[in-house]
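Chain A is the first sequence line, chain B the second, and so forth, proteins listed ahead of strands; every chain is numbered from 1.
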Amino acid sequence: MIKSGSHIRNKRSFKDHFKERKLLINRSIVAFVFVIVMMLALVVRAWYLQVVKHQDFQTRSNDNRISVQPIAPKRGLIFDRNGVLLAENRSIYSLEIIPEKAGDIDQVLERLLGAGFIEEKHQEKFLKDLRGQRRFKSITVKNRLTEKEVARFSVVRYQYPGVSVEARLVRYYPFGEVLVHALGYVGRINDRELARIDQANYKATRHIGKVGLEKHYEDLLHGTIGFRRVETDVQGRVIGEPLFEKPPIPGKNIRLSLDIRLQQIAAKAMGEERGSVIAIDPRNGEVLALVSNPGYDPNEFVTGISSASFRALMESKDRPMFNRALRGLYSPGSTIKPHMGWIGLEQKLVTTKTTVPDPGYWVIPNEEKRVYRDWKRGGHGEKVALLTAIVKSCDPYFYDLAYKMGIDTLSANMKKFGFGDYTGIDMGEEVPGIMPSREWKRSARKIPWFPGETVITGIGQGYWVATPLQLANAIGQLGMGSLRYQLHLVTATQSNGDWLRVPAKVASTQADFSNKDNLKAVQKAMHKVTQWGGTAFEAFREAPFTSGGKTGTVQLRAMGEEKYDESKIEKRFRDNAVYVGYAPFDSPEIAIAVVVENAGHGGSEAAPIARAVFDEYFKNQVADINLERKVAEGRN
Amino acid sequence: MALIDMDNSDRRGKSLAQQLHVDMPLIAGLLVLIGFGLLVLYSASGESQAQLNRQVVRLTLAFGAMFFLAWIPPRIYQKWTPFIYAFGVLLLIGVILFGDKGKGAQRWLDFGFFRFQPSEIMKLAVPMMLAWYFSERSLPPRFSELLSAAFLIGMPTLLIMIQPDLGTSILIASSGLFVVFLAGMSWRIIASFVFLIVSYAPIHWFFVMQAYQKQRVLTFLDPDKDPLGSGYHIIQSQIAIGSGGLKGKGWLEGTQSQLEFLPERNTDFIFAVLGEEFGFYGIIILLTIYLGIIARGFFIAVKAQDTYTRLLAGAITLTFFVYVFVNISMVTGILPVVGLPLPLVSYGGTSMVTLMASFGILMGIQTHKKLLPG
């Protein structure tokens with residue numbers, strides 16, 4: 001592109017500097033003339049707008065002007081699987097002031113105060129909100145007016161130019177804190193969100209999904225803005241009918257897999273305890289109940305929570321704002337023993353007949369420094385085989401199995417049950433937990449893996465942490481002995497009246513259950529857990545359904561030689577009680593994970609909650625079957 | 001003390017200006033423009049002292065860049081021109097490969113501690129490169145040389161266009177084309193070039209333009225189609241300007257700009273605020289100031305001593321004019337909306353520093369003259 005140096009020098013000698021200078025000056029003059037002509041074009045345009053068309057534009061700009069009013073779309077509704085409304089829109093009335101039109105703000109506020117329409121706190125808040133706001137923008141003075149207040153103000157409205165009562169649709173969650181961790185909530189749009197969203201589409205919208213489903217499905221739920229052109233008078237009041245209107249497109253309704261009856265039963269069974277209950281349909285990954293306890297009232301956040309209430313929530317030791325279902329990381333404890341057993345059989349490390357002696361402790365062969373204790377003093381006997389090991393939750397059997405297996409095999413195979421990975425739930429806030437492995441420890445902790453850590457991983461302790469969602473999905477997968485699905489809450493979306501199903505997706509990692517004997521062996525053990533002699537027998541005594549499961553009692557504090565005495569230990573150091581299970585045993589339809597923090601034994605504290613949820617589930621089903629039978633009989 | 005300083009100001013002021021290599025008429029024009037601009041900005045920002053302060057800080061920085069470039073003798077960067085250009089092109093390729101995305105366009109290079117827009121370098125490097133190229137050859141250019149020039153302009157323009165940043169690519173292309181024009185490209189070729197562009201326009205529309213760019217053009221043709229979205233700007237800014245009338249509504253009194261939700265009224269659309277509050281007279285004043293600065297730029301170009309500086313000075317001046325023209329045209333509804341600020345009036349923007357740097361170059365060209373015999 002650029003020619004060689006000698007060539008350039010050559011040409012240079014032919015340069016006629018005088019001629020060149022003249023050419024450049026000529027061109028500069030032409031350019032300057034061009035600039036002047038274009039500038040004149042701008043002047044002409046300004047003249048056209050400001051002098052010729054001035055009257056037109058003045059009219060449009062003046063008091064009697066056509067203004068474009070944005071209309072907010074209705075936010076999509078949220079239903080449970082049976083069509084029960086979980087999130088709706090209610091109209092509320094608020095008293096608002098447009099400062100520019102109200103004149104002397106302080107005086108207006110004083111008058112409103114004197115007439116008893118507002119209180120001093122409203123006055124203060126308004127003056128605070130006023131700062132930094134554009135003066136032509138409507139600002140709320142008082143929220144949630146009663147019907148009576150609305151009527152009273154309407155009568156004297158004319159005395160208060162610039163002050164008006166506005167009706168708005170505002171989100172309302174009829175089930176309040178029972179559902180807050182499943183739905184999330186909407187709140188006022190803040191500056192950070194303002195920068196992210198399409199501002200033109202949110203011009204009339206005040207709320208936006210802040211957490212949970214409401215946030216994840218914001219685009220779906222919000223809808224598209226509409227507008228109308230109206231004529232307004234000096235006060236900005238609309239005169240006559242709109243000249244033109246483009247109605248907003250409401251947000252899509254969504255239907256969840258959630259069953260509000262199960263959700264309520266689970267929340268009730270949890271009572272005041274901290275923890276989480278997850279119920280899913282393992283056949284498609286639908287979430288039937290998602291409880292994180294304690295919860296809080298999302299409705300407070302919609303209309304603006306007071307800073308005192310907010311501080312109380314933030315500072316509460318029980319951490320009600322924390323979504324334990326999605327983000328709670330718990331050691332799975334003994335609940336993964338069936339999975340361990342299945343991997344052991346598949347890897348041919350043990351058979352169903354292999355036995356391990358359990359004198360109440362276990363040591364790494366040829367290395368007697370460290371003693372790994374059984375939860376039961378004195379142990380489970382001389383010869384413990386897989387079935388007993390799961391049913392009685394014998395620790396040494398699994399210490400031994402994990403030691404034989406090695407961390408690499410253990411970790412790689414547990415990942416096939418979804419441990420250490422997102423369940424894919426459509427909420428955007430879940431954490432993947434940790435399925436420890438050599439590589440994980442090297443990169444996360446910068447130290448090598450120790451054999452002793454493999455041993456305790458075998459009973460679901462150590463670095464291993466999982467969310468309740470993962471626990472439910474993993475037990476459902478083993479209970480069915482087939483594909484695991486991505487967990488999800490939304491099963492269908494509605495637009496123009498038609499429901500469109502959202503297809504279920506299979507998870508990316510799967511276990512191979514082609515050896516039915518191995519599978520049956522651990523499933524049988526899980527069934528026995530709920531039978532006489534099993535750790536969850538009491539909870540499932542005389543159940544009208546068959547089920548399988550596994551208890552877990554997770555130590556939070558390293559115990560030495562001293563005896564674990566529940567009554568002597570401060571509540572927050574007590575064991576976490578865990579139960580995972582599925583039912584019916586032959587063809588699972590529901591899988592569950594229950595975690596109760598610092599409650600004690602899984603069998604006595606967590607399993608009864610699972611039982612309550614199962615009972616409710618099958619009660620409904622019996623009702624459904626009866627209904628079907630009646631319908632069928634009626635037809636005959 | 002002050003009195004003594006004033007006494008000496010006549011003699012010392014002149015030598016100081018020379019020492020700093022500042023061109024007095026040019027800097028006077030710029031200061032008047034900036035003063036007027038700050039006045040408008042104060043109103044457009046909703047009387048925000050904080051925004052005003054930040055703007056002044058930015059202006060100070062820009063003046064620093066101007067003084068620095070004025071202080072460098074033009075022959076120095078003339079020597080370095082091809083390297084600056086090559087470096088700029090490399091950075092642009094870097095943006096495509098590693099750039100940071102902001103608002104759907106990829107314009108920034110992130111060095112961790114600061115972010116930087118390489119297209120700013122090219123605003124100066126492209127006219128410099130073209131001026132360098134032609135200064136090495138005899139003028140008017142031959143056809144083969146024009147092809148090389150087209151390549152030198154086209155490459156960075158394309159790289160910026162695919163970021164995509166239409167406004168800046170237009171500026172850079174025109175800054176290069178101005179050099180070619182000033183270098184004496186024959187009128188016949190200019191005419192065929194214009195013809196080519198006109199016939200290319202439909203191809204560009206169907207195959208090159210991004211959806212959001214098309215939207216802008218469509219809205220420009222019929223703003224009422226989308227009165228809440230992109231058409232809103234155009235409608236509102238025309239109402240603002242038109243309702244200003246001859247004398248305007250007065251400073252801080254522009255109901256349209258103050259009351260209506262006119263986005264970007266302190267940045268790209270600040271001209272509408274000026275038009276509303278200062279009226280037609282205000283616009284005439286602003287255009288006169290701009291014209292004065294441009295006239296001084298051409299004066300410097302004509303008085304320059306060699307081809308390189310002459311071409312560069314002319315191109316810088318014309319590019320400044322394009323800034324002014326494109327912005328005012330889009331705000332008044334002559335041209336579709338492209339994101340370009342009103343130079344030295346709009347709030348913020350990295351472009352301010354580049355702009356003042358280019359004025360630094362103009363001053364350098366005027367003040368670093370060799371004494372020629374005769």
Side-chain angles (χ1 to χ4, degrees), chain A residues 1-3 8-9 11-12 14-17 19-21 23-32 34-36 38-39 41-43 45-62 65 67-68 70 100 132 134-137 198-201 203 225-227 229 246, chain B residues 46 82 133 136-140 148 151-152 178 181-184 226-230 232 235 238-246 248 255-256 258-261 263 275-276 279-280 283-284 287 290-291 294-295 298 301-302 304 306-307 310-311 314 317-318 321 324-325 328-329 332-334:
Chain A
M1 106 194 126
I2 295 167
K3 291 170 188 157
I8 291 170
R9 243 169 270 129
K11 288 191 81 180
R12 219 177 202 176
F14 293 122
K15 267 189 149 185
D16 182 338
H17 283 280
K19 217 178 115 192
E20 228 179 83
R21 179 162 175 266
L23 172 75
L24 295 192
I25 290 174
N26 272 339
R27 281 296 166 103
S28 298
I29 291 167
V30 172
F32 189 58
F34 169 76
V35 166
I36 291 177
M38 297 302 263
M39 284 280 199
L42 292 180
V43 171
R45 177 68 180 173
W47 176 265
Y48 173 77
L49 290 176
Q50 300 191 291
V51 180
V52 180
K53 293 280 229 172
H54 175 60
Q55 284 304 325
D56 272 18
F57 285 121
Q58 181 139 51
T59 322
R60 284 180 78 172
S61 140
N62 267 357
R65 64 166 169 252
S67 68
V68 175
E100 184 260 327
R134 292 188 176 82
R135 291 183 52 80
F136 54 85
K137 251 190 135 180
D198 173 8
Q199 292 196 22
N201 197 25
K203 214 161 254 176
I225 193 171
F227 62 87
R229 251 186 279 261
K246 182 184 167 225
Chain B
Y133 179 70
E136 301 277 311
R137 281 159 185 77
S138 69
L139 298 176
S148 307
F151 179 77
L152 289 175
F178 288 143
F181 169 77
L182 292 169
D226 188 13
L228 279 174
S230 36
Y232 189 78
I235 297 173
Q238 288 190 29
I239 294 177
I241 296 169
S243 63
L246 264 183
T255 51
Q256 192 69 17
Q258 307 290 341
L259 302 187
E260 291 295 331
F261 193 61
E276 185 184 22
F280 184 65
I283 291 178
I284 296 288
L287 291 180
Y290 276 132
L291 194 63
I294 291 165
F298 277 118
V302 168
D306 54 34
T307 306
R310 220 171 268 143
L311 288 174
T317 308
L318 275 170
F321 165 71
V324 176
F325 183 79
I328 297 180
S329 302
T332 53
I334 302 179

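Among A:V51, A:L49, A:D198, the residue making the largest number of heavy-atom pairs under 4.5 Å with chain B is A:L49. Here B:A183 is the residue among B:A183, B:G314, B:A301, B:G248 with the most heavy-atom pairs under 4.5 Å with chain A.
Within the 4.5 angstrom heavy-atom criterion, atoms from both the backbone and the side chain of B:L182 approach chain A. In this structure, the portions of A:V43 lying under 4.5 Å from any heavy atom of chain B include both its backbone and its side chain. Of the atoms belonging to B:F321, it is side-chain heavy atoms, and not backbone ones, that fall under 4.5 Å from chain A. With a 4.5 angstrom heavy-atom cutoff, B:I283 touches chain A only via side-chain atoms. With a 4.5 Å cut-off on non-hydrogen atoms, B:F298 touches chain A through its side chain but not through its backbone. Contact of B:L291 with chain A is made through backbone and side chain together, with heavy-atom distances under 4.5 Å.
Residues passing the side chain to side chain contact (heavy atoms under 4.5 Å, CB included) test with A:K53 are A:Y48, A:D56, A:F57, sequence neighbours excluded.
Side chain to side chain, A:H54 and A:Q50 fail the donor-acceptor criterion of an N or O pair below 3.5 Å. For the residue pair A:E20 / B:T307, a side-chain donor-acceptor distance below 3.5 Å is found, with atom types taken as modelled.
Between A:A31 and B:L318 the shortest heavy-atom distance is CB-CD1, 3.9 Å.
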Criterion side-chain contact (heavy atoms from CB on, under 4.5 Å) on B:Q238 and B:T332, from CA distance to verdict:
CA-CA 6 Å; B:Q238 288 190 29; B:T332 53; 6.0 Å; no
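Heavy atoms from other residues, nucleotides or ligands lying under 6.0 Å from CZ of A:R21 number 12 at most.
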